[in-house]
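What follows is a single structure, written as structure tokens, with notes after it.
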Protein chains: 2
Amino acid sequence: MVNSRFSVAIHILSLIATTSDKSQLTSDYIAGSVNTNPVVVRRMIGKLKKAGLLTSQSGIAGYGLVIEPKDLSLLSIYRAIDGPEQLFAIHDEPNPACAVGRQIQHTLETVYLDVWHAMEKQLQAQTLQDVLDQLR
Amino acid sequence: MVNSRFSVAIHILSLIATTSDKSQLTSDYIAGSVNTNPVVVRRMIGKLKKAGLLTSQSGIAGYGLVIEPKDLSLLSIYRAIDGPEQLFAIHDEPNPACAVGRQIQHTLETVYLDVWHAMEKQLQAQTLQDVLDQLR
DNA sequence: TTAACCTGTAACTATAATAGTTACAACAGG
DNA sequence: CCTGTTGTAACTATTATAGTTACAGGTTAA
């Protein structure tokens with residue numbers, strides 16, 4: 001299976017965006033909504049914080065969004081987490097003595113980059129606010 | 001890491017398309033170019049065959065393409081193999097007592113479907129022939 | 001100042017995906 | 001019948017993922 005970190009990140013950010021009583025937002029509470037372990041949540045929040053998407057303070061309950069939902073693209077979120085660094089893996093060390101083997105890696109990189117760009121564009125077009133709207 | 005089956009499938013099909021002496025095309029030979037085990041190649045070829053992309057005969061060396069490279073989209077290849085069945089996993093059993101938890105799965109499915117469609121379109125636009133052209 | 005509660009993070013573990021490997025049945029052709 | 005091939009099952013090794021335990025250190029209030 002592919003990892004679910006992107007989904008968890010969006011879930012966490014949605015919770016923060018929609019919870020008015022910030023002191024309620026502990027890693028434990030969030031873990032209860034996501035249905036995972038508080039440490040998994042704190043780990044993810046660490047990445048989101050490092051990426052400048054949210055604020056937190058050691059020892060104090062509550063997280064805050066740095067960027068308004070309507071200005072926070074899903075692409076920004078995707079980039080903040082450790083998503084798979086590539087869409088498709090390329091087998092390594094194909095035979096350089098073979099015409100196909102010699103060129104296939106570079107060719108596939110080009111092909112996959114085009115695919116990634118299409119995906120990137122779609123992720124850029126959707127914001128956290130769009131997700132919040134769909135949650136109603 | 002994400003799996004490399006798509007890359008291997010394209011490599012195999014490229015080899016078949018560019019090798020004129022079909023009797024040279026044994027799973028062992030192909031494995032030598034891809035740099036993997038012959039069984040991995042035969043397994044992949046089994047999928048491609050089942051999808052109607054190539055022909056083979058038990059006991060006889062040589063594989064043949066069913067569809068011309070210019071008519072074979074990368075999307076067809078992608079669909080033929082066991083790629084990750086989804087782009088992003090969705091964490092399961094989020095808390096139904098929570099407004100976000102209750103709706104997040106359905107919402108994410110919609111979001112991811114849009115992303116997948118963008119990717120699909122890009123894969124549809126490229127053919128095996130495009131790959132072969134880039135291999136020169 | 002101490003107790004309760006929180007975050008941040010390291011380290012370990014369990015599970016599952018991936019791909020490599022061995023083994024062998026069945027088929028083809030000289 | 002012998003050699004070489006495909007097709008496939010079964011097993012193994014490696015790695016990614018995420019769950020878990022543990023604990024250092026910050027914060028607040030009694």
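For clarity, every value in this text was computed on a predicted model and none was experimentally measured. The figures that follow rest on heavy atoms only: side chains count, while hydrogens, waters and symmetry mates do not.
Computed from coordinates, the A:F6 CZ to D:dT17 P distance equals 15 Å when rounded to whole Å. Atom CD1 in B:I16 sits roughly 11 Å away from atom P in D:dT6 (whole-Å rounding). Remark: P of C:dA16 and NE2 of B:H91 are 19 Å apart, rounded to the nearest angstrom. Distance, A:D92 CG to C:dA19 C1': 12 Å, rounded to whole Å. The CD1-P distance, from A:I12 to C:dT7, rounds to 12 Å in whole Å. Between the P atom of C:dA17 and the CZ atom of A:F88 lies a distance of 19 Å, rounded to the nearest Å. Between the P atom of D:dA18 and the CD atom of B:E93 lies a distance of 16 Å, rounded to the nearest Å. In this structure, A:Y63 places its OH atom 14 Å from C1' of D:dT27, rounding to the nearest Å.
Regarding contacts with the backbone of C:dT9, every side-chain N or O of A:R42 stays at 4.0 angstrom or more from both OP1 and OP2. B:N3 has no side-chain polar atom (N or O) that falls below the 4.0 Å cut-off from OP1 or OP2 of C:dA17. In terms of phosphate contacts, B:K49 brings no side-chain nitrogen or oxygen within less than 4.0 Å of OP1 or OP2 of D:dT6.
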Check nucleotides 10-14 of chain C against the protein and report each pair of N or O atoms closer than 3.5 Å, with its distance, or say if there are none.
residue, atom, partner, partner atom, Å
C:dA11, N6, A:R43, NH1, 3.1

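Listed by first and then second residue, the side chain to side chain donor-acceptor pair (under 3.5 Å) pairs that reach into residues 105-115 of chain A are A:Y112-B:S7, sequence neighbours excluded. Sorted by first and then second residue, the side chain to side chain donor-acceptor pair (under 3.5 Å) pairs with a member in residues 30-44 of chain A read A:H11-A:S33, A:S27-A:R42; sequence neighbours excluded.
B:K47 comes within contact range of no nucleotide atom at all, as no heavy-atom separation falls under 4.0 Å.
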Report the C-alpha separation of B:Q129 and B:D133 in whole Å, then their side-chain angles, then the decisive distance to 0.1 Å, and conclude whether the side chain to side chain donor-acceptor pair (under 3.5 Å) test is met. CA-CA 6 Å; B:Q129 185 61 54; B:D133 291 343; 2.9 Å; yes

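A donor-acceptor pair under 3.5 Å is absent between the side-chain atoms of B:S76 and the main chain of B:L72, judged by distance alone.
Of the residues in residues 21-34 of chain B, none has a non-hydrogen atom less than 4.0 angstrom from any atom of DNA chain C. A heavy atom lying under 4.0 Å from DNA chain C marks the following residues of residues 50-60 of chain A, by number: A:S56, A:Q57, A:S58, A:G59, A:I60.
Looking at B:K49 and B:T55, their side chains never come closer than 4.5 Å, going by heavy atoms from C-beta outward. Side-chain contact between B:Q126 and B:V131: absent, with no pair of heavy atoms (C-beta onward) separated by less than 4.5 Å. With contacts defined as side-chain heavy-atom distances shorter than 4.5 Å, the pair A:H91/A:I104 qualifies. Within the 4.5 Å cutoff, the side chain of B:K22 has heavy atoms near those of the B:I16 side chain. A:L135 is listed as a side-chain neighbour of B:V100, based on a closest heavy-atom distance under 4.5 Å.
The two atoms that bring A:L53 and A:I77 nearest to each other are CD2-CA, 4.0 Å, heavy atoms only.
If you look at B:Y78 and A:F88, their ring centroids are closer than 6.0 Å.
Residues satisfying the salt bridge (Lys or Arg N to Asp or Glu O under 4.0 Å) test with A:E68, not counting sequence neighbours, are none.
When each of B:G46 and A:V40 is assigned the nucleotide of DNA chain D bearing its nearest heavy atom, the one mapping closer to the 5' terminus is B:G46.
Side-chain atoms of B:N37 lie closest to C:dG20 of the nucleotides D:dA18, C:dG20, C:dT7.
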